[in-house]
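Following: one structure in structure tokens, then a few remarks.
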There are 2 protein chains.
Amino acid sequence: MEKDCLKLENQLCFPLYAASRNVIKKYKPFLDELDLTYTQYITMMVLWDLKEINVKELGNKLYLDSGTLTPLLKTLESKGYVSRVRSSSDERNLLICLTAEGGKLKDKAASIPTKVSKCINLNPDEALSLYKILYKILEGGE
Amino acid sequence: MEKDCLKLENQLCFPLYAASRNVIKKYKPFLDELDLTYTQYITMMVLWDLKEINVKELGNKLYLDSGTLTPLLKTLESKGYVSRVRSSSDERNLLICLTAEGGKLKDKAASIPTKVSKCINLNPDEALSLYKILYKILEGGE
DNA sequence: TTAAAATAAATTGTGTACAATTGAATTGTA
DNA sequence: TACAATTCAATTGTACACAATTTATTTTAA
């Protein structure tokens, strides 16, 4: 009986992993219009909200490290959506700042959450339940 | 109000993406002992169950394409866990077969699901609810 | 029956993820 | 105040993901 534990259909992590990729794919046609990948998009979300943040804090919010963020932020800089400046008070910190160009993207992105949620077949109860469980996983360990 | 839709904390996809990576990380110490990555592990799960499958069907089960699977399966072959043989009835198909060595891994893996579930802070109701919602997402579109 | 269409895997190229290491800047402390 | 420890970002190296294209094989339909 122990063996059924190793069947794909009895796993919780596998559908979590597959559903995550599945939903991210639904963003693609909308994000293509903004010339953003999904990871770049969630980075821009933080910046649309805060305007400025250093790499460390950004990594804490996105659960990503500098190995992922450094090249991604250089790409966003090359697109003109953010600037990268060393903090004068502590040269170890790199400040990521939203540019005017990056700010304009927010308007174009405003309709994306609604459009994507229409592609996902969940009712409000399920969505809320999912949200709570996912944050319980995220908070329950790191 | 439209603007709050673009806040990270109001997204459903972001915690899905973050929780997926968070849980996969919990497998790492256990999978390191088997010299498997998470993607290699779920591939082995299919093979422990079916013994043999072609790349196309494997991709359907894992929601992955040949671009991901081809190099991964070559790695598993080099580790001695699978063999790769063209189907004689249709040379387009590549059959992936569990080797004896690969079969032995199943015993070593048997305890992993229990160990990982102890690292995830969910009660049985939450786990079942999550499972159902994730499969609803997966079935609801592709 | 043979040429076009379809199918399967491999390949190519880009962009993450992430562990581990490095290097520069800052902080704590003897 | 030096200097060891810490912190932050960048770098290095490996392994996915995935879109798009290519190559080989098989199927189909004229």
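Within every chain, numbering begins at 1; the chains are lettered A, B, ... in the order of the sequence lines, protein sequences first and strands thereafter.
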Nearest-nucleotide comparison on DNA chain D, the residue closer to the 5′ end among A/Leu94 and B/Glu91: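 Nearer the 5' end of the strand: A/Leu94.
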
5'-most by nearest nucleotide on DNA chain D - A/Gly67 or A/Asp90: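 Whichever sits nearer the 5' end wins; that is A/Asp90.
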
Across the strands shown, which category fits [X] at heavy-atom distances under 4.0 angstrom: base, sugar-phosphate, nothing?
X       : value
A/Thr37 : sugar-phosphate
A/Thr39 : sugar-phosphate
B/Leu72 : sugar-phosphate

Among [options], the nucleotide that comes nearest once only the side chain of [X] is considered:
X       : options                : answer
A/Thr70 : D/dC18, C/dT11, D/dT11 : D/dT11
B/Arg92 : D/dC16, D/dT27, D/dA17 : D/dT27
B/Leu64 : D/dA17, C/dA9, D/dA9   : D/dA17
B/Lys25 : C/dA19, D/dA9, D/dA17  : C/dA19
A/Thr68 : C/dC18, C/dA19, D/dA9  : C/dC18

In one Ile/Leu/Val/Met/Phe/Trp/Tyr side-chain cluster, 4.5 Å: B/Leu128, B/Ile120: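 No, because B/Leu128 and B/Ile120 fall into different hydrophobic clusters, even though each may have its own neighbours under 4.5 Å.
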
B/Lys132 atom NZ, over 12 foreign heavy atoms within 6.0 Å: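 At most 12 heavy atoms, drawn from other residues, nucleotides or ligands, come within 6.0 Å of this atom.
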
Mutual orientation of the aromatic rings belonging to B/Tyr41 and B/Tyr27 [parallel < 30°, tilted 30-60°, perpendicular > 60°]: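 The arrangement is tilted - the two ring planes meet at 30° to 60°.
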
For C/dA19, the Watson-Crick or wobble counterpart (both distances under 3.5 Å):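 WC or wobble partner is D/dT12.
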
Under 3.5 Å side-chain donor-acceptor pair for B/Thr39 and B/Thr37: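 Side chains of B/Thr39 and B/Thr37: no pair found under 3.5 Å.
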
Side-chain N or O of [X] less than 4.0 angstrom from OP1 or OP2 on [N]?
X       : N      : result
A/Arg84 : D/dC8  : no
B/Lys74 : C/dT11 : yes
B/Tyr17 : C/dA17 : yes
B/Arg21 : C/dA19 : no
B/Asn93 : C/dA9  : yes

Under 3.5 Å donor-acceptor pair, B/Ser66 side-chain atoms to C/dA10 base atoms: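 Looking at the base of C/dA10, it does pair with a donor or acceptor on the side chain of B/Ser66 (distance under 3.5 Å).
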
Length of the line joining [X]:[atom1] and [N]:[atom2], which is rounded to integer Å:
X       : N      : atom1 : atom2 : result
A/Arg86 : D/dT7  : CZ    : P     : 17 Å
A/Asn54 : C/dA24 : CG    : P     : 20 Å
A/Ile53 : D/dA9  : CD1   : P     : 10 Å
B/Phe14 : C/dT16 : CZ    : C1'   : 15 Å
A/Lys56 : C/dA25 : NZ    : C1'   : 15 Å
B/Leu58 : D/dA17 : CG    : C1'   : 15 Å
A/Asp65 : C/dA19 : CG    : C1'   : 8 Å
B/Lys79 : D/dA15 : NZ    : C1'   : 10 Å

A/Lys104 with A/Glu101: basic N within carboxylate O range, under 4.0 Å: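 Salt bridge: yes.
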
Distance (rounded to the nearest 0.5 Å) between B/Thr68 OG1 and B/Leu62 CG: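 Separation between the atoms: 10.0 Å.
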
